[in-house]
Amino acid sequence: MDINIFTVFILAVFVGVEIITKVPPTLHTPLMSGSNAISGIAIVGAIISTKVGGELGTWLGFVAVILATVNVVGGFMVTDRMLKMFKKK
Amino acid sequence: MDINIFTVFILAVFVGVEIITKVPPTLHTPLMSGSNAISGIAIVGAIISTKVGGELGTWLGFVAVILATVNVVGGFMVTDRMLKMFKKK
Amino acid sequence: MINLDSILYVLSSILFIIGIKRLSHPKTARSGNFIASLGMLIAIITTLVSNSTVNLELIAIGIIIGSVIGAFFAIRVEMTQMPQMVAIFNGFGGIASALIAAAEFLNPSEPLLSFSLATISLSVFVGTLTFTGSFIAFGKLQGFISGQPIVFFGQQFLNAIIGISILGLSIYIVLDPEQINIFYLIIAASAIIGIGLTIPIGGADMPVVISLLNSYSGIAASSTGFVLNNNALIISGALVGASGLILTNIMCKGMNRSLANVIFGAVGLEQTTDSGSETKQINIKSYSTEEAAMIFDAAEKIIVVPGYGLAVAQAQHAVREVAEFLAKNGKTVLYAIHPVAGRMPGHMNVLLAEANIPYDQLKDLDEVNNEFEDCDVALVLGANDVVNPAARHDSSSPIYGMPILDVDKSRTVIINKRTMNTGFAGVQNELFGYDNSIMVFGDAKEMLQKLLKDLKEL
Amino acid sequence: MINLDSILYVLSSILFIIGIKRLSHPKTARSGNFIASLGMLIAIITTLVSNSTVNLELIAIGIIIGSVIGAFFAIRVEMTQMPQMVAIFNGFGGIASALIAAAEFLNPSEPLLSFSLATISLSVFVGTLTFTGSFIAFGKLQGFISGQPIVFFGQQFLNAIIGISILGLSIYIVLDPEQINIFYLIIAASAIIGIGLTIPIGGADMPVVISLLNSYSGIAASSTGFVLNNNALIISGALVGASGLILTNIMCKGMNRSLANVIFGAVGLEQTTDSGSETKQINIKSYSTEEAAMIFDAAEKIIVVPGYGLAVAQAQHAVREVAEFLAKNGKTVLYAIHPVAGRMPGHMNVLLAEANIPYDQLKDLDEVNNEFEDCDVALVLGANDVVNPAARHDSSSPIYGMPILDVDKSRTVIINKRTMNTGFAGVQNELFGYDNSIMVFGDAKEMLQKLLKDLKEL
Amino acid sequence: MKISVPRESVDSETRVAVTPYSVSELIKLGYEVCIQASAGDKSFISDDLFKKSGAKIIKSSAELLNDASIILKVASPSLDEISLLANKSVCISFFQPTIELDKVSAMQKSNITGMSMHLVPRTTLAQKMDALSSQANIAGYKAVLMGSTHMSVYMPLLMTAAGTIRPAKVLILGAGVAGLQAIATAKRLGAQVEAFDVRPEVKEQVESLGAKFVEVSSESDDGVGEGGYAKETSEDYKQKQQQLIKEHISRADMVITTALIPGRKAPILIGKDVVELMKPGSVIMDLAAENGGNCEITKKDELIIHDGVIIDGTSNVAATMPVHASELYAKNILALVKHMTKEKNLNFDMNDEIISGSTFTHHGSITHEPTNNIMKDS
Amino acid sequence: MKISVPRESVDSETRVAVTPYSVSELIKLGYEVCIQASAGDKSFISDDLFKKSGAKIIKSSAELLNDASIILKVASPSLDEISLLANKSVCISFFQPTIELDKVSAMQKSNITGMSMHLVPRTTLAQKMDALSSQANIAGYKAVLMGSTHMSVYMPLLMTAAGTIRPAKVLILGAGVAGLQAIATAKRLGAQVEAFDVRPEVKEQVESLGAKFVEVSSESDDGVGEGGYAKETSEDYKQKQQQLIKEHISRADMVITTALIPGRKAPILIGKDVVELMKPGSVIMDLAAENGGNCEITKKDELIIHDGVIIDGTSNVAATMPVHASELYAKNILALVKHMTKEKNLNFDMNDEIISGSTFTHHGSITHEPTNNIMKDS
Ligand SMILES: NC(=O)c1ccc[n+]([C@@H]2O[C@H](COP(=O)([O-])OP(=O)(O)OC[C@H]3O[C@@H](n4cnc5c(N)ncnc54)[C@H](OP(=O)(O)O)[C@@H]3O)[C@@H](O)[C@H]2O)c1
Ligand SMILES: NC(=O)c1ccc[n+]([C@@H]2O[C@H](COP(=O)([O-])OP(=O)(O)OC[C@H]3O[C@@H](n4cnc5c(N)ncnc54)[C@H](OP(=O)(O)O)[C@@H]3O)[C@@H](O)[C@H]2O)c1
Ligand SMILES: NC(=O)c1ccc[n+]([C@@H]2O[C@H](COP(=O)([O-])OP(=O)(O)OC[C@H]3O[C@@H](n4cnc5c(N)ncnc54)[C@H](O)[C@@H]3O)[C@@H](O)[C@H]2O)c1
Ligand SMILES: NC(=O)c1ccc[n+]([C@@H]2O[C@H](COP(=O)([O-])OP(=O)(O)OC[C@H]3O[C@@H](n4cnc5c(N)ncnc54)[C@H](O)[C@@H]3O)[C@@H](O)[C@H]2O)c1
């Protein structure tokens, strides 16, 4: 493994830590939900793993794609619904 | 150039942007001075460039080492003095 | 030299960063969510384009199925059930990471190095834990499982044992990757620990747990990124992992608990304070001003009930400042003046007049008592006897028969006093133990000043 | 696989991040500076150890010389001269980057790729610009050069021309690296533009400029990092570049100016407002409440001078809140009551009593007038005639002979009123144009509320 | 059942025991209400207004009283009035049974139930009927206004073109209901207010109104005997306290004394010698004048100037604010009558704490212990 | 040079033109100060105190006045006093030259320089000498206290066990110095205060004290004639205004009128009919009683009850607060004398705006135009 990949990780952690300072309580849930959708980035891995040689790997990848997609699509949509409601009020 | 080096740069910029949110006016100058000392990191480059083959490069590197050291040493010391004064008050 | 897909991955990471940042400000939140989803789209397209050997058909089917399921639930779920929905989605994300790592383990594209094996174990462990934990959270919120904390003797010890076992098994796997059974054992143990860590936590704390699990799923994604040597996964996973942890911390602080308290379970039990009185013990909930501020934030109609304690604290100006701030934010604020509040006739009038509180905001008992029913928050400041419901129904009470302010009829009653001591009449006040009552202890002036600060920081 | 020096570089970057973060909080600032210097030490040692072929002797000599010079100046410089010292240090840092890039260009360790050539040009450009710009800043602050903005016709145009030429020359160099003269031309042009961008800026704005140049030297270091393919330089440079820009922005906001305004020169001219009066024109300085808040932050003794405008604004409670906040922060706060302030005898007393301001803080003219001399800030709120120095010396003034509050004797006078209109006596007030006077326009109540907010946010 | 309200016979009594509002409420309770002609005049309530609210206006006292079940009054009934009252009737007024012994005997003999608003127990439930509080509150408020009218100086701090006026110093002795309201009112006017009371728990209440409580501070302990054995003897402490109060009195521009204990002689808080220490032009408002005064020099219902000090002995201060005084008193009385009424009928239950507590004669016997004791002694 | 201060001859005048402080200052200016025995008594300043400050106490008026260069008084000098004054002496007091024509003549004939505190120009520089302001301020303050003592209701809002007391409504007519201070004082006591004045610029000042300014709101324009030609005739507007004020008066618990213009008959602001609209028990404090009163019924220095409304015509309200009234007046006088003094000598410079403005007779001629005009007319 390249050292830079590690550097990248560390810096990303710092960005993650610094990025959030104050969040009004009303936004706690939407923010959680939104970043949950982002954690659906696993879909990228899922897509890649469908190419993994064996059958088993491919099928696992397939299931992972479905689940990750649920996470991504559902996550962003639910977040948007929450925030819409928020606006109305 | 590796893409990761570029990623690293981008992430570092983000960290730099996020790291500072609110600074009380009294700390403006010390913070500026302190981060100026950090920009003396050029000393690392200066050290490396003393090994650059030719005479000219080495001498340029030597001058760079001196100047960067002034920046680093002077910078940190002056910052500390400012902050000490700050404390007393 | 610089390949396009890497740049696009970095771009999507940047969009995630911007998205999360905007999500944490009310005005920009919706656009933040949109930007983040854009980042996701870019990441997916980049992956599809740059990995020519993937099974496109299968992926298309998977994405369609996933999208339909995700969209269906996202649209149909009721507002009140959103937290559990998020929990489920999060569980899916976590298990997806675990599956990818498993796939890589079971069908490695190239011989696995120790480092990869270690990260695979981590992915599987965290991903599975997230999955089961999220489902317990979902169950608790949805009512499938009791919302009460499930606690038993030696629970923490058991969790520790399982955790250590997983560590041991992971080391084993790294050293001997052929032991598939061990691998399955890791999965099973991770699933169990996910459950074990979640069940002791009460329903009220679930949002914090979900946030924590969300952070975990980020970690899972990031470690999967190490397995696949993919920057997009590493950065985004790290982002979510780190920011999720911070958010969890903020949420904990909002509830005046430490993160450790949540992680290591057995929280969520309501604080029980000895009333110090002879007869009855009442269970009270003690809140911080931050929490109180949040309750005010959600309220529309607020009735302030001043009592002798407000005068003792000389908090008349402080209460005006708070009330003015709330009114400026569009809330209705009234003052309910009990005829014998304080220690002399008209004590509260003198006090509030000094702070220049307009006469038309002051309501006497008759005017105000049926206002409590549609009142969101009754803020009782250093009053005690005049809001004691025993006066209405407990004929043995020395204050039985005195007309009181019916604060208990409002949605939430926030009571500020310094201690659990009694008032002038020397009787304990059962109101403090009511379900809709919340105590905020402290000197009235100091408490109001803190409250104002917290209200402004919301 | 993972080499130690890279880890150490990352470690030093982390220390820099922590250092900067701590530097931005008063309590942790000193430790932050220490942590950052530790990071620097680690980076230097790592470099020395991992680059076995460097000229250790030369480096040792260089470091010793540099340390002595740096330490000497750091210790000997007077407190008031620190900003210019920082400017010089910063210039040295910038030129060091430029020299390194130049060394790489003149004696490349391996054949230079276009990318390297581009980054070398960038390093040289930014580094040199920082150097000359910093020296101009130093000169202005030290008084070697006039602190007045030096502006001439077509200045911006000239700067643009030079900038574009540098870009052109850089492209030329990338395409044809053999053209050493072009390289020298870039250096010369960069030096000139550094001067060109700095001279039009007034002495008062120099801190902002230094902060900006500091950010530039970070960029120079970072691009040098790309030249040398060194993570430590890239990360730290980017950090300083980005955070420096943010700091510059914060400083600009504090002075109510935009960054563009500073970068593109010709700022620093004092705002001139037409007094609207018949005879004299007075130049006033109009400040925001944020700036006023900073002035209060540095003050120890504050005298509040209320006038009729305070009553009109009904700002009695607001002024008490501000005064209480200041007093809580350890400052001395007094109220100076002029005998005829307001529109009836005792008007101010009635007003301030309503806000419960303790009698012992109210001083009448005789008691307070010699207090102004050692007063840091006199805060004049909606008073006008009673602080008009013309009453002391201008025998033609209709108020000549009336005793006034000598607010002009205090270090700074902050005057709040809504407009430049006159007071009861209908005469313009020369105080507003005094050097130590600052106007903060707006309704007294609103202004005080904003001020309180800003004070709390400091 | 008939409730009768005679015109007050004492000339200085401006109050009346009912108002149009309370009349209509009493009627709702099932009573017939009769009011003597011009009973409300001094409280600016005309007979017409009473009539409109449903009362019957009766001219003659005899006609009014002889068949009344309940008689409502402010001041205690005169012997003449008592002689007109019917057997078993209930008469409610401000009555001081331990002092007005002859009237007690008369009522006892005529088998009249005598109730006094002075005796209403000060329990939570009885607060509505606490006429002592409602009237003392007026007294405290009004005392400040009257006193400040007597004063030859401003109350508040004023900084004017003709010089700075220092705020007046007002000292309140006795911080019961009247004292607390006096504190609040003097504070409102901008004076520097201090107060003292023998009950130490009152300190917090005084401070809750923003005034200073006068007390021997531990700093003034002379510094001697710090070893622990210095705990002051109670006598020593009291003397110091006396001294301290004397000092504060002599510096005050106005002193308001409120230590009035119904049925007993008021304690002397300000001796003649202390009055003579005071500045000429300063004022003493003695709210205990009714029972002899807290100041040695006070004469009931007289304005005395002694050595330049103005001493106001107005005894019935509440009566100077008849509209609100009557309104509040009538509400107190109404609450008491309501309490004694069950299903449109008088339910005089001597087991009830409030009723028995307020009663001093009932069924021909004296039910008030202290009065009984005094009667026996004499 | 000798400054003499006679004892005030008007019995109700409690003030005195000097205080021990001002005496010592006058002496510093180079004057000899003589004070008639017991001149300060009513302001609680004993002859002893005056003596200590350096004044000479003189018993006989003749001895005091016949060689005095400056005579300081509060009320205008009586004809007897004038007859005792020396040629060319300067006499300062509250003098209404347009009304007290006989005294003006006497002074003119005796070649006495007459100065009136009423005439001190209201310029910035003269603020220190502005006795009108310092005394009007007391009047405004005291009027509220006296009025509230007359009132039979509370001023503030009070929510008590015996019911809620609504705050009193106080209306101030004329918001000059006295009116503004009255507003402030009534506000302090917790009343709902409204004010009216003919000068529109006063609105801001009234509001700066937290009170409401009574004015015809544009909303009450009946809605007719919105086309633009609806601009109300001044007459129409005035009538509406009159009507509005009438309504406000009839609702008020206390009205304080302050439209007193020195030297002229006070305008009638409250007619008899309007008084009769008022609630019984309400109060009118007429601060213009001196010059006839702003209320039609007012009688100078009498307390009248008309149709249940109490009308207080106390004319010299400032005199009811002698200590501070004298202190402030003495400071005003001192400032004026200081202004007229140069190098320890009287420097009567008729080119000085303040001096000439305040003077009505000088060197045997009448220097006050309005007085001159009236003299000529009669
Ligand atoms: N209005 C009258 O005329 C009058 C006259 C005499 C008696 N009373 C009686 O007084 C009572 C009045 O009722 P109330 O509800 O106003 O008062 P209360 O029942 O006496 O209760 C006051 C409460 O305020 C709290 N407190 C005291 N200081 C405080 C501070 N600095 N900050 C926050 N809280 C503080 C006390 O609790 P902690 O100690 O725990 O803080 C206390 O329980 C009634 O029982 C009434 O009958 C009234
Ligand atoms: N005290 C007395 O007895 C008495 C009586 C009569 C006259 N006077 C005279 O009144 C004057 C008193 O002096 P002063 O300095 O108190 O008042 P001033 O000279 O009248 O000045 C008041 C200033 O307040 C400003 N202002 C008005 N409303 C404001 C608001 N809402 N927020 C902020 N500023 C506001 C006005 O400027 P903008 O309009 O620009 O905001 C005005 O210049 C003297 O000339 C005195 O002689 C006094
Ligand atoms: N239960 C209730 O709700 C209720 C209602 C009204 C009053 N109260 C209480 O009743 C008590 C008496 O009130 P009150 O107004 O009738 O009092 P009061 O008129 O009987 O006496 C006035 C005050 O004078 C004080 N005093 C007596 N002798 C004194 C001395 N020598 N020096 C100084 N002070 C002296 C007393 O302590 C009292 O505070 C108070 O505690 C009051 O709070 C209770
Ligand atoms: N230069 C100074 O510093 C200074 C000092 C004191 C007073 N003044 C000014 O002098 C002016 C007069 O003050 P004053 O107290 O002597 O006033 P005043 O006693 O002469 O009159 C009192 C008020 O009554 C008002 N008034 C007259 N007729 C009225 C009517 N028909 N209806 C309603 N209101 C009526 C007047 O406008 C005035 O405001 C004020 O503007 C005051 O601010 C200035």
Side-chain angles (χ1 to χ4, degrees), chain B residues 1 5 8-9 12-13 15-17 19-20 23-36 38-54 56-58 60-83 85, chain D residues 16 20-21 23-24 29-30 33 36-37 40 43 47 51 53-55 58-59 62-63 65-67 69-71 73-74 85-86 89-90 92-93 95-97 99-100 102-103 106-107 109 115 211 214 217-218 221 224 228 232-236 238-240 242-244 246 250-251 254 294 458:
Chain B
M1 193 204 65
I5 213 172
V8 161
F9 172 75
V13 167
V15 174
V17 168
I19 215 170
I20 293 183
V23 190
T26 36
L27 280 182
H28 285 174
T29 310
L31 173 56
M32 174 173 86
S33 173
S35 66
N36 166 48
I38 294 175
S39 77
I41 189 73
I43 192 171
V44 166
I47 291 172
I48 294 172
S49 47
T50 57
K51 79 170 166 188
V52 171
L56 184 58
T58 308
L60 284 178
F62 174 65
V63 175
V65 166
I66 296 179
L67 294 175
T69 307
V70 172
N71 188 0
V72 170
V73 174
F76 283 123
M77 285 180 75
V78 130
T79 309
D80 196 58
R81 264 190 75 195
M82 283 187 217
L83 291 170
M85 171 182 71
Chain D
F16 290 154
I20 293 179
K21 222 178 145 53
L23 264 168
S24 63
R30 260 193 99 185
N33 190 49
S37 65
M40 188 61 75
T47 311
N51 291 279
T53 61
V54 296
N55 192 332
L58 220 53
I59 291 169
I63 287 183
I65 296 177
S67 299
I69 297 176
F73 282 109
M85 200 76 267
V86 174
F89 290 160
N90 186 46
F92 286 173
I95 197 67
S97 294
L99 289 177
I100 298 158
L106 299 173
N107 288 128
S109 49
F115 180 78
S211 176
N214 175 35
S217 73
T224 308
L228 299 178
L233 277 172
I234 294 176
I235 300 177
S236 315
L239 263 181
V240 171
S243 68
I246 298 291
I250 290 175
M251 289 168 83
M294 289 181 225
L458 277 188

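Most heavy-atom pairs under 4.5 Å with chain D, from the set Ile41(B), Leu60(B), Val73(B): that is Ile41(B). Listed options Val65(B), Ile47(B), Val13(B) were ranked by heavy-atom pairs under 4.5 angstrom with chain D; first place goes to Ile47(B). By number of non-hydrogen pairs under 4.5 angstrom with chain B, the leading residue of Leu58(D), Asn55(D), Ile20(D), Ile234(D) is Leu58(D). Across Gly218(D), Ala102(D), Ala71(D), the residue that shares the most heavy-atom pairs under 4.5 angstrom with chain B is Ala71(D).
Ile250(D) places a side-chain heavy atom less than 4.5 Å from the side chain of Ile20(B). Using a 4.5 Å heavy-atom cutoff, the side chains of Ser39(B) and Asn214(D) are in contact. Side-chain contact between Thr79(B) and Leu23(D) is present, with heavy atoms from C-beta onward closer than 4.5 Å.
For Ile246(D), the part lying under 4.5 angstrom from a heavy atom of chain B is the side chain only. For chain D, the nearby parts of Val15(B) are the backbone and the side chain; heavy atoms of each come within less than 4.5 Å. Residue Val86(D) touches chain B through both its backbone and its side chain, counting heavy-atom pairs closer than 4.5 Å. Contacts of Ile43(B) with chain D are made by side-chain atoms alone, with heavy-atom separations under 4.5 Å and no backbone atom involved. For a residue to count as touching a neighbouring chain, one of its non-hydrogen atoms must lie under 4.5 Å from one of that chain's; by this rule Ile235(D) touches chain B with backbone and side chain alike. Interface residue Ala221(D): only side-chain heavy atoms are found under 4.5 Å from chain B.
A pairwise comparison of heavy atoms in Asn71(B) and Phe89(D) identifies CG-O, 3.2 Å as the closest pair. Summarising the geometry of Asn107(D) relative to Gly57(B), their closest heavy-atom pair is OD1-N, 2.5 Å, with the distance given to 0.1 Å. Taking all atoms of both residues into account, the shortest heavy-atom contact from Gly45(B) to Ile100(D) is C-CD1, 3.6 Å.
A distance of 6.5 Å separates OG in Ser49(B) from CG in Leu228(D), rounded to the nearest 0.5 Å. Between Thr69(B) atom OG1 and Met40(D) atom CE the span is 10.0 Å, to the nearest 0.5 Å. Note that CG of Leu56(B) and CG of Leu106(D) are 5.0 Å apart. Values are rounded to the nearest 0.5 Å.
One N or O on the side chain of Asn33(D) and one on the backbone of Phe76(B) form a donor-acceptor pair closer than 3.5 Å.
A donor and an acceptor atom, one from each side chain of Ser217(D) and Asn36(B), are nowhere located under 3.5 Å apart.
Among Ile38(B), Leu31(B), Ile19(B), the single residue meeting the side-chain contact (heavy atoms from CB on, under 4.5 Å) criterion with Ser243(D) is Ile19(B).
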